[in-house]
K.L.:
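Quick one: structure below, then a few questions.
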Amino acid sequence: MTDPVAKLPSELDQLPDRDPEETAEWAASLEAVTKAAGPHRAAYLMRRSLQHAEGAGIALPKLLETDYVNTIPTSAEPAFDGDLEMESKITAWNRWNAAAMVTRGARFGVGGHIATFASAAWLYETGFNHFFRGKEGDGSGDQLYIQGHASPGIYARAFLDGRISEQQLDNFRQESGGNGLPSYPHPRRLPWLWEFPTVSMGLGPLSAIYQARFNRYLANRNIKDTSNSHVWAFLGDGEMDEPESTAALALAAREQLDNLTFVINCNLQRLDGPVRANFRVVQELEGAFRGAGWNVIKTLWGNAWDELFQLDTTGALIRRLREVPDAQFQTYATRDVAYIREHFFGAEPALAELAKLLSDAKIAECFYSSRGGHEARKVYAAYRAAVEHKGAPTVILAQTVKGYTLGKGFESKNANHQMKKLSADEFKSMRELLGLPIPDSVFEDGLVPYGHPGADSPEVRYLQERRAALGGPAPARRVHAVALPQPEERAFKALYKGSGKQEMATTMAFVRLVKDLMRDKETGRRWVPIVPDEARTFGMESLFPSAGIYSPLGQTYEPVDRDQLMYYKEAKDGQILNEGITEAGAMADFIAAATSYATHGETMIPFYIFYSMFGWQRTGDQMWQLADQLGKGFIVGATAGRTTLTGEGLQHADGHSHLIASTNPASLNYDPAFAYEIAVIVKDGLRRMYGPEAEDVFYYLTVYNEPKQQPAMPEGVEEGIVKGLYRFKEGTPATADAPRLQLLGSGTAIHWALKAQELLAADWGVTADVWSATSWGELRRDALEADDALLRGEERVPYVTQALSGAPGPVLAVSDWMRAVPDQISQWVEQDWSSLGTDGFGLSDTREAARRHFGVDPESVVVASLAQLARRGEIPASTVKEARERYGL
C-alpha cells in the first residue's frame, strides 16, 4: 500500500523513523477508515487520539480550532452556586433600567447604547454574583475592564444597589451640572466607580494584560500580595480587530498569567454590521488565542441545543455549524422557522431528516435566543473553569444576540448599535418577556419609568449579600493615601553642582538622577524604570546589575556579557521593565504602575523613557487613557528634538511632541536645558504628584543626547525653572545705547542662543539677554488660567508677562521644535515677538548641517535677531544683508 504520508513533505521528513513499517501500518489504518467510514470519521479518530495523548502527557502541538460547539458540555457543568430565579429577576431589572435610561436621555439628543448590554447582561451579572472580588475583602480585589458601550447596564445595577440615584440616571451623558454620569467608564469623571477607561477600543485588552503582569511584578518584588486579584476584561468581538487588542497575547501566555481572563462577547456584530460576514469570528479568535498559548473556552449554545446535538448521530449538524458564515447566522435570528428549515437544515439530507424531529417552537428557541452567553449556568461553568485553570490566561468566547430581549426591532439588526430608544409598545413587550411588575398606567405621561423592586426587596438583599460575600461593591475605585516622603537632597545636589569640565547629555543627567533616587532608603524601591528595549541607547545599562530586569522566570541562562561590569541581569524581583520593541506595551506598563496607588493602595513612581518621536505620536491615545485614569509619573522623551539625533533622519526626528503633549490637560511638559533644571523639575514633580497635596497629573520631560558641559545652578532660579522661564545669562552692553533684545531658548537650543549672544556682541555690538524657557506649556497654562480669572473679575498677570516685563528690545524664541511650540505664549508677551524652529521633515546629517538647514544654528539666530532690530529701525537694514553674507546663509 502506498504510504499517504510520503505524498506530503513536512518537517517530519527530517526526523528519524526507527520503525517505518509501524508508521506505514498507522497510515494504512487511517486510509482504511477514510474509505470505509468517510473522512469525518477519520478526523474524529485523529482528534480523539490527540486528546488521549494530551491527557497522557505526551507532548504534541494542539489543534488551533475545535468544532463550533461548547468547550464544556452540559453534563460537565458544575453545580450552580446561587439562586437562579433571583438572579434572573435582578438581570431583568438591570435590562429594563439600562434601556430606560438611554431612552429617556434621547429626549435631549445625548445618545447612548442599548444593544451591547442587552447581549452581555448575563456575562456581567454572573460575575458580579459569583466571581468579581471587591476591595473591602482581602487584598486589592479584582480589576474589571468593562466594555465601554455596556456602561448603561453597570449604572443600572448600581442604581438597584442604591449607589446611584434616579436623578443621576436621568443625567446620563449630562455632566456639566455636577450630578451626571459620564457616557463610558471614565475614572476622572466618576472616580469612585470606574477604575479603567476602556471605550477607546483596543486599549482595554492591552492594558488588562499589562495590569495582570504588573500584579505579578508587585508580588514578585514583595511590594504587595496580589495572589487574590484577578483581571477580567470584557470585550467585543469587533473590538478584536484593533491591533492593540491582540498585540500582547503572547506575553500573557509566555508569563503564564492565569490571573487574567478575557470575556469576549461574540454577538457577531460590529458597530455597523456583521463582524466576519463571510467567515466565523469565533473560530478565528479561537485560532489566534490558542496559537498564542491561551486556554480557550467556547460558550456558544444554550441548553435548547442539547436535544439537537443528541439527535445528530451523523455529525451533519456539527459540520453545518462549522460552515455557516456569521452574517447568515445573524439572518437566521431574524427570519421565520420555514426559512431556517429550508436554508439551514435543507443543506443536506441528514439535516433535513433531523429537522423533521424538531417542532417549530424548538427551532425558534434555538435560533432566536438560546445562546451560551444568555444562560447563567453556561456562563458560570465557563468562569469557574477560567479561574481554576493554571499556567495560562483564559479567553471565554461567549456567543450572544446583540439587542437580546429588546424585541424584533432591535435583535440582530445591523443598525442596533445606533438605535437609541424603544417605543412604549416595545417597552411593554419587553416587560412581558422579562416578567416585570410594571403597570400600563405608568406609561401615561409618555415617559418610560425606571423600575425598582424596593430597597428592602428580596432582589436587592440578595444582590447586596452576594457582593458582601465577595468583598464589597463592584466596580469600585478606592483612592488611598498617595503621599511618599521626599527623597534625600543628596541626589539632587549632585546635579545642582554641574559637570565641571566633563560633558554630559541631559539624557545621562536624568538617568544618573534616577539611579541615585532608586538608592533612597524610603522611596527607592518604588521607582519603576520602563524602557522599550533601548536601555543602552539611553545610557541605562548601569541599572542592569544593580536593579535587575524583571522576569518571572528569573535568569535561566548565563548572559554572554557576564564577565563585564554592566552585564545583562534578569531577576524575578527585578525592578526594570525592559519591554522589547513595543512602545504600546511599555506605555501600558506605565499606566498600571502610575495608577497602582488606587488599584492596589501602593504608590509607585514610574518613569518611562523612549525615543521622543515614538511617544506621543505613536501612543498618544494611551497617554489620554493615562490622564483619564488619573495616573502619576514621569514620561521621558529621550533623544529629543529634530536636530540632535545625528544621522537617524526623518522618522526619528521629533520636532512636534511638545505640541501634541500640550493638548493633554493632565500633562505637565518640560524641555530642560541643563542637568540642574532636571533635578529641580523632578524634585518638584515628586512633590506635586506624591506629596501631601498630591495632584492627578503626570510629567513629560524631553532630554537630549548631545553631550555638553553642564553649568552649576545659579542662585534663585528654582521658581523660574518650575514656572517655565528665567533669565539665565544677562548680556553686558558695550555702550549705553547699544541695541538690545531678549533670546528665549529651550532644551538644547539654549546653547545656540548663548553662542548667538557672543556673536551679536562681538560682531555687531548688539546686547542680548538669554533666557531658559524650561516649559512653553506651563507658561501657556498659567496664562490661560490668568485669562479665565479675568472672566471671573479677578485681575492676575500671567507669569510670562511678569517675567519679561520691562525687558528691553524685541523677543526671539528658538527651540529644536517647530515654531508652533514656543508660539503658544506669544500673545502674552508684550514685546515684539518672533520665533525660530525646525518646521518641516527631519533629515539625516550632522547636527551642524541639520541646524543650518532649519535656520536655527547660532549664525541663523544672529541674522534673525538683527532682522528684528532692523524692522524696529534700531539698526540699518544693510546690517542684516552683511550678516547673511558673512555667515554664508
Side-chain angles (χ1 to χ4, degrees), residues 135 139-146 185 187-188 194-198 200 202-221 223-227 229-233 244-245 247-249 251-252 254-255 257 259-262 393 475 477-480 482 525-532 549-552 573-580 582-610 615 619 621-635 666 689-690 696 698:
K135 297 184 178 299
S140 306
D142 288 355
Q143 287 84 53
L144 308 181
Y145 288 77
I146 304 295
R188 186 169 285 273
W194 300 119
E195 273 197 291
F196 308 105
T198 54
S200 186
L203 300 190
L206 179 69
S207 293
I209 290 172
Y210 281 90
Q211 182 67 57
R213 195 277 198 93
F214 189 75
N215 291 359
R216 291 281 171 84
Y217 171 89
L218 290 176
N220 286 332
R221 291 193 56 213
I223 290 175
K224 179 71 178 279
D225 180 3
T226 58
S227 57
S229 288
H230 198 90
V231 178
W232 299 82
E244 296 89 351
S245 296
L249 298 186
L251 177 140
R254 185 169 63 246
E255 299 206 1
L257 298 180
N259 61 339
L260 170 67
T261 298
F262 276 16
R477 181 177 180 271
R478 295 289 183 265
V479 178
H480 304 270
V482 172
R525 66 196 294 262
R526 297 195 174 273
W527 283 87
V528 184
I530 303 167
V531 59
I549 299 166
Y550 173 74
S551 170
D573 61 350
Q575 196 165 354
I576 305 168
L577 293 172
N578 193 356
E579 282 308 342
T582 168
E583 286 85 0
M587 193 63 211
D589 265 336
F590 185 88
I591 293 171
T595 56
S596 182
Y597 73 92
T599 308
H600 291 292
E602 294 290 344
T603 301
M604 306 301 286
I605 311 172
F607 82 88
Y608 164 36
I609 189 167
F610 51 89
T619 59
D621 196 11
Q622 288 178 286
M623 293 172 184
W624 279 93
Q625 179 188 12
L626 167 69
D628 192 355
Q629 206 166 315
L630 290 78
K632 309 170 191 289
F634 298 94
I635 55 178
M689 294 187 290
Y690 304 104
D696 295 323
F698 61 92

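No hydrogens, no waters, no symmetry mates; every other heavy atom, side chains included, goes into these values. Computed from a predicted model, the values in this text were never measured in an experiment.
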K.L.:
Looking just at side-chain N and O atoms, do Gln625 and Ser200 make a donor-acceptor pair shorter than 3.5 Å?
P.N.:
no

K.L.:
Asp573: which residues meet the side chain to side chain donor-acceptor pair (under 3.5 Å) condition with it, sequence neighbours left out?
P.N.:
none

K.L.:
Any chance you could measure Phe262, atom CZ, to Leu249, atom CG, to the nearest 0.5 Å?
P.N.:
6.0 Å

K.L.:
Going by the rule ring-ring contact (aromatic ring centres under 6.0 Å, His included), which residues pair with Tyr690 if we only count those two or more places apart in sequence or in a different chain?
P.N.:
none

K.L.:
Just to verify, what does Arg478 make a salt bridge (Lys or Arg N to Asp or Glu O under 4.0 Å) with, not counting sequence neighbours?
P.N.:
Glu136

K.L.:
Would a distance-only check, ignoring hydrogens and angles, find a side-chain to backbone donor-acceptor pair under 3.5 Å from Ser245 to Pro205?
P.N.:
no

K.L.:
Can you tell me how far apart CD1 (Ile530) and CG (Asn578) are? Round to the nearest 0.5 Å.
P.N.:
11.0 Å

K.L.:
Evaluate side chain to side chain contact (heavy atoms under 4.5 Å, CB included) for Lys135 paired with Glu195, printing each intermediate quantity in order.
P.N.:
CA-CA 12 Å; Lys135 297 184 178 299; Glu195 273 197 291; 3.2 Å; yes

K.L.:
The criterion is side chain to side chain donor-acceptor pair (under 3.5 Å); which residues satisfy it with Glu583, sequence neighbours excluded?
P.N.:
Arg618

K.L.:
How would you list, by chain and number, every residue that makes a side chain to side chain donor-acceptor pair (under 3.5 Å) with Tyr550, sequence neighbours excluded?
P.N.:
Asn220

K.L.:
State which residue, out of Phe607, Tyr608, Tyr210, fulfils the side chain to side chain contact (heavy atoms under 4.5 Å, CB included) condition with Phe590.
P.N.:
Tyr608

K.L.:
Taking only residues two or more places apart in sequence, or in another chain, which ones meet Tyr597 in a ring-ring contact (aromatic ring centres under 6.0 Å, His included)?
P.N.:
none

K.L.:
Please identify each residue that fulfils side chain to side chain donor-acceptor pair (under 3.5 Å) with Asn259, with sequence neighbours left out.
P.N.:
none

K.L.:
Could you check whether any side-chain N or O of Arg477 sits under 3.5 Å from a backbone N or O of Ala598, counting only pairs where one atom can act as donor and the other as acceptor?
P.N.:
no

K.L.:
Applying salt bridge (Lys or Arg N to Asp or Glu O under 4.0 Å), name anything that partners Arg216, two or more places apart in sequence or on another chain.
P.N.:
Asp258

K.L.:
Looking only at side chains, do His600 and Asn215 share a donor and an acceptor under 3.5 Å apart?
P.N.:
yes

K.L.:
Please name all residues satisfying ring-ring contact (aromatic ring centres under 6.0 Å, His included) with Phe214, sequence neighbours left out, ordered by chain then number.
P.N.:
Tyr217

K.L.:
Which residues pass the ring-ring contact (aromatic ring centres under 6.0 Å, His included) test with Trp194, sequence neighbours left out?
P.N.:
Tyr155

K.L.:
Run the salt bridge (Lys or Arg N to Asp or Glu O under 4.0 Å) test against Asp628 and tell me which residues pass, sequence neighbours left out.
P.N.:
none

K.L.:
Test side chain to side chain contact (heavy atoms under 4.5 Å, CB included) on Gln575 and Val528; report intermediate values, then the result.
P.N.:
CA-CA 6 Å; Gln575 196 165 354; Val528 184; over 6 Å; no

K.L.:
How long is the span from the NZ atom in Lys632 to the OG atom in Ser596, to the nearest 0.5 Å?
P.N.:
12.5 Å

K.L.:
Taking salt bridge (charged side-chain N to carboxylate O under 4.0 Å, His left out) as the cut-off, I'd like each qualifying pair that reaches into residues 586-606, sequence neighbours left out, listed once.
P.N.:
Arg213-Asp589, Arg526-Glu602

